[in-house]
Amino acid sequence: MSDGAEVDPAELHPLARLPEDWEVVLARAGEPRFRARQVFRWLHAQGQHSPTEMTNLPRPLRQQLTSETLDVPAAVGSVHRAEDGTRKLVLELDGARVECVLIPMTRPAGEAKDADLAALPDDDDDVADDAPRSQRVTLCLSTQYGCAMGCVFCASGRAGLVRGLRAEEIVAQVQIARRHLEPGEHLRNLVFMGMGEPLHHYDETARALRVLTHADGLDLSPRRITVSTVGLVPGIRRLGRDFSGKIGLAVSLHAPNDAVRAQIVPMNQRYSVADILAALAEYPLPRRRRITIEYTLIAGVNDRPEHAEELARVLRRLRVKVNLIPMNAVAGAGLEGSPPERVAEFRERVARAGLSCFVRVRRGDDVSAACGQLAYSGPLVDPARLRGVGRASREP
Ligand code: SAH
């Protein structure tokens with residue numbers, strides 16, 4: 001693990017413990033090593049949080065586990081269902097309210113695969129998968145309450161960063177989302193594209209990723225997980241190294257050059273377009289995988305034909321695909337999304353230059369669940385209480 005400072009596993013929330021952490025905790029209670037995996041399996045593979053139901057554990061251990069809070073540290077405040085089947089769950093955490101979004105990957109009848117732009121992550125079909133496509137669900141989750149990045153077109157950072165979520169709160173979003181699956185639905189992809197900047201909160205995000213992908217737990221495939229970043233270069237390097245490039249990466253570029261990008265992404269002052277592209281070139285991508293370049297199209301800002309040409313040029317040597325996102329309306333931003341003709345023309349140009357380029361279908365915007373619409377919704381508790389809770393890690 002390269003999760004930074006060593007922590008006593010007993011101090012981790014039970015849902016943030018990996019089997020090796022449980023080994024340490026349970027060894028202190030005189031339990032053999034194999035119990036660790038049993039407990040981990042109950043919590044993550046079975047979603048069983050009540051120790052009395054953990055039938056293969058000896059009674060004294062079950063008894064002992066009742067003294068721990070094994071429950072998911074989140075409550076569902078409300079569920080908003082969009083016309084297209086997208087569900088936004090508003091979750092109440094300790095001093096934070098975050099949103100995660102369940103997106104069924106239903107493809108309208110007769111539409112070609114390339115048009116299934118819901119394909120947020122690499123949704124290749126070369127992996128055996130029993131679930132029919134219509135039942136696959138992508139979960140978009142949050143890593144922070146608020147966000148420190150301040151991108152001008154995004155509602156999440158309006159009030160700055162309140163606090164980062166703990167690993168167990170990130171894991172909890174997945175566990176709760178699973179309970180909201182409808183019959184026949186199956187959670188297939190995870191995208192870290194909700195509120196917050198995952199690489200500005202690396203340690204907790206990485207721990208959650210390890211828990212979620214562990215073979216004894218939910219066993220989610222790293223290739224079906226995409227972490228989206230504004231382009232924090234040290235974080236990109238660290239993610240690539242720690243997970244051997246297996247976790248999918250999406251980068252919010254939004255501009256082909258620094259002059260345009262600086263107007264909309266303040267972080268560009270720290271890491272330039274060239275810095276980011278250099279980090280992408282070094283990302284240890286597995287064969288046949290590509291990095292996603294996210295590009296939010298804003299009318300009159302970054303949507304001109306020459307921007308498309310320049311984008312294709314700067315990305316030429318990288319293994320990427322471009323995901324265009326017509327900007328969703330965000331109150332008070334004073335910006336507008338590019339009109340459909342403009343989006344189509346932009347896509348055309350990038351594609352003609354030889355890059356794969358898709359337009360992301362807008363999902364869930366009638367319940368403000370679309371990209372950039374997950375907003376900070378006011379303070380919940382006395383800020384003094386938040387002190388010490390907010391483990392918003394410094395940038396890696
Ligand atoms: N902080 C991460 C992940 C969060 S946002 C990142 O920056 O990538 C997920 C994607 O939605 C990003 O590409 C983000 O730039 C985009 N986005 C934010 N606001 C948007 C808006 N109003 N319309 C369209 N896309 C938006």
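Whatever order the structure lists them in is the order used to number ligands and atoms, beginning at 1. Only heavy atoms go into these numbers, but all of them, side chains included; no hydrogens, no water, no symmetry mates.
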Chemist: How far is atom 11 (O) of ligand 1 from its nearest protein heavy atom, and which residue and atom is that?
Modeler: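 Here the nearest protein heavy atom works out to Cys371 CB, 3.6 Å.
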Chemist: As a quick check of understanding, evaluate side-chain hydrogen bond (donor to acceptor under 3.5 Å, both in side chains) for Gln175 and Arg178, giving each step before the final call.
Modeler: CA-CA 5 Å; Gln175 298 220 347; Arg178 277 176 90 204; over 6 Å; no
Chemist: Ile325 heavy atoms, cut-off 4.0 Å: which ligand 1 atoms fall inside?
Modeler: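 So the atoms of ligand 1 that pass are 24 (C), 25 (N).
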Chemist: Need the ligand 1 atom indices (1-based, order shown) with element for anything under 4.0 Å from a heavy-atom of Val230.
Modeler: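 Once the distances to Val230 are compared, the set is 6 (C), 7 (O), 8 (O).
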Chemist: When you compare ligand 1 with Arg360, is there at least one nitrogen or oxygen pair between them that comes in under 3.5 angstrom?
Modeler: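 It does not: no N or O of Arg360 is found under 3.5 Å from an N or O of ligand 1.
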Chemist: Under 4.0 Å from any heavy atom of Cys154, which atoms of ligand 1 are there?
Modeler: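 Checking each atom against Cys154, I get 18 (C), 19 (N).
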Chemist: Would you mind running through ligand 1 and noting each atom that sits below 4.0 Å from a heavy atom of Met327?
Modeler: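 Result: 21 (C), 22 (N), 23 (N), 24 (C).
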Chemist: Give the single entry among Gln144, His254, Met193 that approaches atom 14 (C) of ligand 1 most closely by any heavy atom.
Modeler: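 The residue whose heavy atom sits nearest atom 14 (C) of ligand 1 is His254.
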Chemist: For ligand 1, which atoms, with element, lie under 4.0 Å from some heavy atom of Gly196?
Modeler: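 Going through ligand 1 atom by atom, the ones under 4.0 Å from Gly196 are 1 (N), 2 (C), 3 (C), 4 (C).
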Chemist: Please compare Gly157, Ser228, Cys151, Cys140 and report which has the shortest non-hydrogen distance to atom 3 (C) of ligand 1.
Modeler: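 The option holding the nearest heavy atom is Ser228.
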Chemist: Specify the protein heavy atom at minimum distance from atom 23 (N) of ligand 1: its residue, its atom name, and the distance to 0.1 Å.
Modeler: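 Ranked first by proximity to atom 23 (N) of ligand 1 is Asn328 N, 2.8 Å.
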Chemist: Check this for me - ligand 1, Phe153, N or O atoms closer than 3.5 angstrom, yes or no?
Modeler: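 There is such a contact, yes.
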Chemist: Atoms of ligand 1 less than 4.0 Å from Gly194 heavy atoms?
Modeler: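 Those atoms are 4 (C).
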Chemist: So, do Phe346 and His307 have ring centers that fall under 6.0 Å from each other?
Modeler: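 Ring centres of His307 and Phe346 not closer than 6.0 Å.
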Chemist: If you measure from each non-hydrogen atom of Val251 to ligand 1, which part falls under 4.0 Å: side chain, backbone, both or neither?
Modeler: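 Answer for Val251: neither.
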Chemist: Against heavy atoms of Val330, which atoms of ligand 1 measure under 4.0 Å?
Modeler: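 Selected atoms, number and element: 22 (N).
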